[in-house]
There are 2 protein chains.
Amino acid sequence: MDGGSDHHLDHDLDEVWKALSDPTRRAIMDLLRDGRKTTGELVSSFPGMTRFGVMKHIRVLEEAHLLVHRKEGRTRWNYLNAVPLRRIYERWVSKYEDQWSGALTNLKHIAEADEPKENQT
Amino acid sequence: MDGGSDHHLDHDLDEVWKALSDPTRRAIMDLLRDGRKTTGELVSSFPGMTRFGVMKHIRVLEEAHLLVHRKEGRTRWNYLNAVPLRRIYERWVSKYEDQWSGALTNLKHIAEADEPKENQT
DNA sequence: CGCTTATGTGACCGTATAGTCACATTTGAA
DNA sequence: TTCAAATGTGACTATACGGTCACATAAGCG
C-alpha cells in the first residue's frame, strides 16, 4: 500500500486530478451521480456551451476513467465510474485526515507563536 | 449543508481543485505534511526546476488557501493548511462514497446487461 | 560596511486547453 | 426511401499556465 505502489497510483491519478480541475467536468460528474445520462442529456444541461464543448469534456473524463460509456444504437449512455475518486481519497485525502483535525489548532499555534513578534506578517 | 451553501463552497473550491491539478503542487503539499518548510527548502526539493517556478507554485497554493506562510526575518516559513482538503472531502469525495462501494457492481451490471447484445461496445 | 543569503516581481515564451465551427457518419422513425 | 435525430472528428482560436529569466529588495553575518 506504501512506497512504489502509491507512487505508481499517484502517477495514474494525474489524469484524474486534471479532469476534476474543471468546473464543467465536475458538474458532469454530479449529473452522472444521479444516474446514467445520454450525451444529449448532458449537452442540454449546459445551454451556454456547444455540444462539441460538452463532448470534449466527456472525452477527458473518459480518458481519466471517471466515466464509461455504452452505445445503444445511435444513443450513447454515459456512466459514472467512482473508482478513481476512491483512489483520490485513499491516496490523498485520507493521508491528510490526521492533519485537518488539528489544522485549526496548528494555525492557532502558529499565530500564537508569531504574536509576540510584531515585526512579522 | 445542502443547497446554496454547498454551491457557494463549490465555487470557492474551484481554486483548490485547480491548485491540486498540478503534480508539483501536490508534491509541495506532501512535503509540507511532514512539517513547515522554508521556501528555500521547497525549492531545493525540485532540482529540475528554477526557484521562480517553485515559488510560482507556492503562490498558487497560497491563493487557494492550501498554504499559509510566516516571515521570520529573511526566511519565509510555509505551512500546510489542510482545511480546504477537508472541504474537498465533505463537498465532493464523501458524496460519492455510496457510489464507490457499488461502483464495480454497477460496472459489472452494465457489462452483464450489455453482454447479450454483441453489436455494442 | 561590504558581501552573502533568502526571497520577490514582472516580463517573456512555448505548450496546453477550453470552446467554437465546419463537415461528417450512423441510427431511428415515418 | 427520405428525413430527422444522435453523435463523431479534425481544424481553428483565444486564453490559461507552467516554467525561465532579468532585475530587484531585504535580512544576516563577519
Side-chain angles (χ1 to χ4, degrees), chain A residues 10-11 14-32 36-64 66-79 114 117-121, chain B residues 11 13-32 36-64 66-79 114 117-121:
Chain A
D10 190 38
H11 185 70
D14 194 54
E15 278 188 326
V16 179
W17 281 112
K18 281 202 180 342
L20 293 173
S21 66
D22 181 80
T24 300
R25 289 200 282 276
R26 293 199 295 276
I28 290 172
M29 294 284 285
D30 266 351
L31 291 170
L32 292 178
R36 66 177 193 168
K37 297 279 187 300
T38 65
T39 299
E41 285 171 335
L42 293 176
V43 166
S44 62
S45 298
F46 301 93
M49 189 186 299
T50 65
R51 70 177 177 89
F52 319 111
V54 178
M55 286 171 67
K56 206 163 187 176
H57 284 304
I58 291 171
R59 183 177 191 148
V60 172
L61 287 172
E62 188 148 26
E63 287 172 353
L66 287 161
L67 175 151
V68 296
H69 82 267
R70 289 293 180 273
K71 300 288 293 278
E72 284 183 20
R74 68 187 182 184
T75 302
R76 173 188 161 123
W77 287 100
N78 304 284
Y79 301 79
D114 288 346
K117 310 176 184 176
E118 300 181 348
N119 62 345
Q120 296 172 349
T121 300
Chain B
H11 185 69
L13 286 176
D14 194 54
E15 279 188 326
V16 179
W17 281 112
K18 281 199 182 337
L20 293 174
S21 67
D22 181 80
T24 299
R25 288 200 284 272
R26 294 199 295 276
I28 290 172
M29 295 284 286
D30 266 351
L31 291 170
L32 293 178
R36 66 178 193 167
K37 297 279 187 300
T38 65
T39 299
E41 284 171 334
L42 292 176
V43 166
S44 62
S45 298
F46 300 94
M49 190 186 298
T50 64
R51 70 177 177 89
F52 320 109
V54 178
M55 285 171 67
K56 206 162 185 177
H57 285 304
I58 290 171
R59 185 180 190 143
V60 173
L61 287 172
E62 188 148 29
E63 287 171 352
L66 287 161
L67 176 150
V68 297
H69 82 267
R70 290 291 183 272
K71 299 288 291 278
E72 283 181 20
R74 69 188 182 183
T75 303
R76 171 187 163 121
W77 287 99
N78 304 284
Y79 300 80
D114 288 346
K117 311 177 185 176
E118 300 181 346
N119 62 347
Q120 298 171 349
T121 294

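Side chains are part of it too, since the values below use all heavy atoms of this structure and drop only hydrogens, waters and symmetry mates. The chains referred to below are lettered A, B, ... by the order of the sequence lines, with proteins before strands, and numbering in each begins at 1.
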> Do NZ/NE/NH1/NH2 and the carboxylate oxygens of B:Glu72 and B:Arg36 come within less than 4.0 Å?
yes
> C:dT7 P sits how many Å from B:Asn78 CG, rounded?
8 Å
> Using the rule side-chain contact (heavy atoms from CB on, under 4.5 Å), only one of B:Val43, B:Thr24, B:Thr39 pairs with B:Ile58; which is it?
B:Thr39
> Is the shortest side-chain N/O distance from B:Arg25 to OP1 or OP2 of D:dG18 below 4.0 Å?
yes
> Take atom CD of A:Glu63 and atom P of D:dT9, then tell me their distance rounded to the nearest Å.
11 Å
> Atom CE of B:Met55 to atom C1' of D:dC21: distance rounded to whole Å?
13 Å
> Relative to the 5' end of DNA chain C, which residue comes earlier, B:Arg76 or A:Phe52, by the nucleotide with the nearest heavy atom?
B:Arg76
> Side-chain N or O of B:His57 versus OP1/OP2 of D:dG19: is the shortest distance under 4.0 Å?
yes
> Can we say B:Arg26 and A:Asp14 salt-bridge, meaning some charged N sits less than 4.0 Å from an Asp/Glu carboxylate O?
yes
> Tell me: CG of A:Asp22 to P of C:dT17, nearest whole Å?
11 Å
> Ignoring the backbone of B:Lys18, work out which of D:dC17, C:dT9, D:dG19 is nearest its side chain.
D:dC17
> What is the distance, rounded to the nearest whole Å, between atom CD of B:Glu62 and atom C1' of C:dT7?
13 Å
> Of all heavy-atom pairs between B:Asn78 and B:Leu67, which one has the smallest distance, and what is that distance?
OD1-CD2, 3.8 Å
> Can you tell me which nucleotide in D:dG19, C:dT7, C:dG19 comes closest to the side chain of B:Lys71?
C:dT7
> In this structure, how many angstroms lie between the C1' atom of C:dA6 and the CD1 atom of B:Ile58, rounded?
12 Å
> From CD of B:Glu72 over to C1' of D:dA26, roughly how many Å is that when rounded to an integer?
16 Å
> Can you find a donor-acceptor pair, distance only, under 3.5 Å between B:Arg74 side chain and C:dT5 base?
yes
> Relative to the 5' end of DNA chain C, which residue comes earlier, B:Gly40 or B:Lys56, by the nucleotide with the nearest heavy atom?
B:Gly40
> Taking only Lys NZ, Arg NE, NH1 and NH2, and the carboxylate oxygens of Asp or Glu, determine whether A:Glu41 and A:Arg51 approach each other closer than 4.0 Å.
no
> Write down the distance between CH2 (B:Trp17) and P (C:dT17), rounded to a whole number of angstrom.
17 Å
> Tell me whether the side-chain N/O atoms of A:Thr50 come closer than 4.0 Å to OP1 or OP2 in C:dT20.
yes
